[in-house]
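Nothing here was measured: the structure is a model prediction, and the numbers come from that model.
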Protein chains: 2
Amino acid sequence: MAAENSLNIGALAKATGTKVETIRWYERVGLLPAPARSAGNYRTYAEAHLGRLSFIRRARDLGFSLDQIRALLDLAEDRDRSCDAVDLIAREHLDEVDRKIADLQALRQELDALISQCRHGSVSECRIIEALAPSAG
Amino acid sequence: MAAENSLNIGALAKATGTKVETIRWYERVGLLPAPARSAGNYRTYAEAHLGRLSFIRRARDLGFSLDQIRALLDLAEDRDRSCDAVDLIAREHLDEVDRKIADLQALRQELDALISQCRHGSVSECRIIEALAPSAG
DNA sequence: CTTGACCCTGTAGTGACTACAGGGTCCATG
DNA sequence: CATGGACCCTGTAGTCACTACAGGGTCAAG
């Protein structure tokens, strides 16, 4: 288990399902530590980078913001600390997701009501346009 | 019906619940036509602007993109045309909202499962961190 | 030694605003 | 008539999380 499992950026991208540009972006914003460079100035990633990037991608898939992920990664480093702070971040995110779902469902209802009124006539008698305009001139 | 009900940008903002900067932004991107200017170079809005901006805001509240709104406004101008194209835009938007709701609900479930595993111990045995990391090193 | 896939940096674009900075205008007071 | 403060102007940069170039350099196969 020596240097044989080191990856260049393309291999890391493939291994994690991330675009190359996105990996460079995570480095720029300090989420992924800058890796060693090869003689030709190529980024050379180790196992630890793969783990960290997988963590980031999984958290992104779950809708955490990069700031939240940064906080989670910081917390994860302090192995002896209580994980209540981690739990809090996850709960806050869950609350936000719940709010978004509720908002979208309310919006969906309005939209559905709008569409169900369409009589497929001309625009001048279009209920959708009417409903959007407050007092047509 | 003379010039007495013309508005400056602040009054239009108040009347429509829009920020002044947002109104200027809509003008810049061609959603709201550039109004006449006063002697002191202030924007001077007429009734038509109020109607159009109200339409834009209402459509935004319903989650339509500015591109979609642009299309709706274009269609609304052609009073004799069939409103099927309007209906189509609205239906496509509804489908997108449905997809977003489904995505968020799936995400919500995963997140909920994650959180319910928290035993409030130390980070080193944190299920949330574990679930995010694929194979901790 | 050339080809083509890969890598590098740096900058600009996305959507829909928001937030200044650094000025000008208007109007009601004193 | 001067002053103060609320309003308005333009232009630019910032937000979030990337994405997409442009214009180069590196590397391995043939």
Side-chain angles (χ1 to χ4, degrees), chain A residues 6-32 34-45 49 52-53 55-73 89 92-93 96-97 100 103 107, chain B residues 3 6-32 34-45 49 52-53 55-73 89 92-93 96-97 100 103-104 107:
Chain A
S6 83
L7 308 162
N8 64 14
I9 199 167
L12 182 64
K14 203 169 280 181
T16 57
T18 311
K19 293 198 176 179
V20 165
E21 290 91 346
T22 305
I23 297 177
R24 285 197 283 249
W25 170 253
Y26 289 160
E27 181 180 328
R28 259 173 76 90
V29 299
L31 262 183
L32 204 55
R37 295 294 180 118
S38 73
N41 200 30
Y42 282 22
R43 288 173 178 82
T44 306
Y45 295 97
H49 290 102
R52 195 173 169 103
L53 181 54
F55 184 106
I56 294 167
R57 296 305 291 178
R58 176 117 181 79
R60 283 296 296 141
D61 283 348
L62 288 169
F64 287 95
S65 71
L66 294 194
D67 271 355
Q68 287 174 318
I69 295 170
R70 223 184 303 269
L72 288 172
L73 284 165
I89 291 174
E92 279 174 356
H93 181 43
E96 208 186 301
V97 169
K100 273 186 193 163
D103 284 355
L107 194 153
Chain B
S6 81
L7 308 162
N8 63 14
I9 200 168
L12 182 64
K14 204 169 279 179
T16 56
T18 311
K19 293 197 177 179
V20 166
E21 289 92 344
T22 305
I23 297 177
R24 286 197 283 248
W25 171 253
Y26 288 159
E27 181 180 327
R28 257 172 77 90
V29 298
L31 262 184
L32 204 56
R37 296 293 181 120
S38 73
N41 200 30
Y42 283 20
R43 287 173 179 80
T44 306
Y45 294 98
H49 289 101
R52 196 172 169 103
L53 181 54
F55 184 106
I56 295 168
R57 295 307 289 178
R58 176 117 182 79
R60 283 296 296 141
D61 283 349
L62 287 170
F64 287 96
S65 71
L66 294 193
D67 271 355
Q68 287 174 319
I69 295 171
R70 222 184 304 268
L72 288 172
L73 284 165
I89 291 174
E92 278 173 357
H93 181 43
E96 208 186 301
V97 169
K100 273 188 193 162
D103 284 355
L104 279 177
L107 194 153

Asker: Please compare B:Ala11 and B:Arg28 by the position of their nearest nucleotide in DNA chain D and report the one closer to 5'.
Answerer: B:Ala11
Asker: Check every strand shown and say whether B:Arg70 touches a base, only sugar-phosphate, or nothing at a heavy-atom separation below 4.0 Å.
Answerer: nothing
Asker: Side-chain N or O of B:Asn41 versus OP1/OP2 of D:dC9: is the shortest distance under 4.0 Å?
Answerer: no
Asker: For DNA chain C, whose closest nucleotide is more 5', that of B:Gly40 or that of B:Ser65?
Answerer: B:Ser65
Asker: Between atom CG in B:Leu7 and atom C1' in D:dC8, what is the gap in whole Å?
Answerer: 15 Å
Asker: For residues B:Tyr45 and B:Ile23, report the shortest heavy-atom separation together with the two atoms involved.
Answerer: OH-CG2, 3.5 Å
Asker: Let me know the distance between CD1 of B:Ile56 and C1' of C:dG15, rounded to the nearest Å.
Answerer: 15 Å
Asker: I'd like to know whether CZ of B:Arg37 has more than 12 heavy-atom contacts from other residues, nucleotides or ligands below 6.0 angstrom.
Answerer: yes
Asker: Identify the heavy atoms of B:His93 and B:Gly63 that sit nearest to each other, and give their distance.
Answerer: CE1-O, 3.0 Å
Asker: With the side chain of B:Glu21 defined as its heavy atoms from C-beta on, choose the nearest nucleotide among C:dA19, C:dC26, C:dA16.
Answerer: C:dA19
Asker: OP1 or OP2 of D:dC9 sitting under 4.0 Å from any side-chain N/O of B:Arg43?
Answerer: yes
Asker: Quick one: A:Phe64 CZ to D:dC16 C1', roughly how many Å, whole number?
Answerer: 17 Å
Asker: Take the protein atom NZ of B:Lys14 and the nucleotide atom C1' of D:dC8, then report the distance between them rounded to whole Å.
Answerer: 14 Å
Asker: Of B:Gly10 and A:Lys19, whose closest DNA chain D nucleotide lies nearer the 5' terminus?
Answerer: B:Gly10
Asker: Please determine, for the side chain of A:Tyr42, which listed nucleotide (C:dC6, D:dT10, D:dT19) has the closest atom?
Answerer: C:dC6
Asker: To the nearest angstrom, how far is A:Ile9 atom CD1 from C:dT9 atom P?
Answerer: 9 Å
Asker: State, without any angle test, whether B:Tyr26 and B:Arg57 hold a side-chain donor-acceptor pair at a distance under 3.5 Å.
Answerer: yes
Asker: State which residue, out of B:Leu66, B:Leu31, B:Leu32, B:Val20, fulfils the side chain to side chain contact (heavy atoms under 4.5 Å, CB included) condition with B:Trp25.
Answerer: B:Leu66
Asker: Which whole-number value in Å describes the distance from A:Leu53 CG to D:dC18 C1'?
Answerer: 14 Å
Asker: What integer distance in Å separates A:Leu12:CG from C:dC6:P?
Answerer: 15 Å
Asker: Report the distance from atom CD of B:Glu27 to atom P of C:dA16, rounded to the nearest whole Å.
Answerer: 18 Å
Asker: Think A:Arg57 has a side-chain N or O under 4.0 angstrom from the OP1 or OP2 of D:dC18?
Answerer: yes
Asker: Out of D:dC18, C:dT18, C:dT9, which has the shortest distance to the side chain of A:Thr22?
Answerer: D:dC18
Asker: What I want to find out is whether A:Asp67 reaches A:Arg70 closely enough, with some N-O distance under 4.0 Å, to be called a salt bridge.
Answerer: yes
Asker: Checking contacts here: which listed nucleotide (C:dA16, D:dC7, D:dT19) is nearest the side-chain heavy atoms of B:Arg60?
Answerer: C:dA16
Asker: Base, sugar-phosphate alone, or nothing: which one does B:Tyr26 contact when heavy atoms must sit under 4.0 Å apart?
Answerer: sugar-phosphate
Asker: Mind checking A:Arg24 for me? I need base, sugar-phosphate or nothing, with any heavy atom below 4.0 Å counting as a touch.
Answerer: base
Asker: Go through D:dT19, D:dC9, C:dC17 for me and flag the one nearest to the A:Trp25 side chain.
Answerer: D:dT19
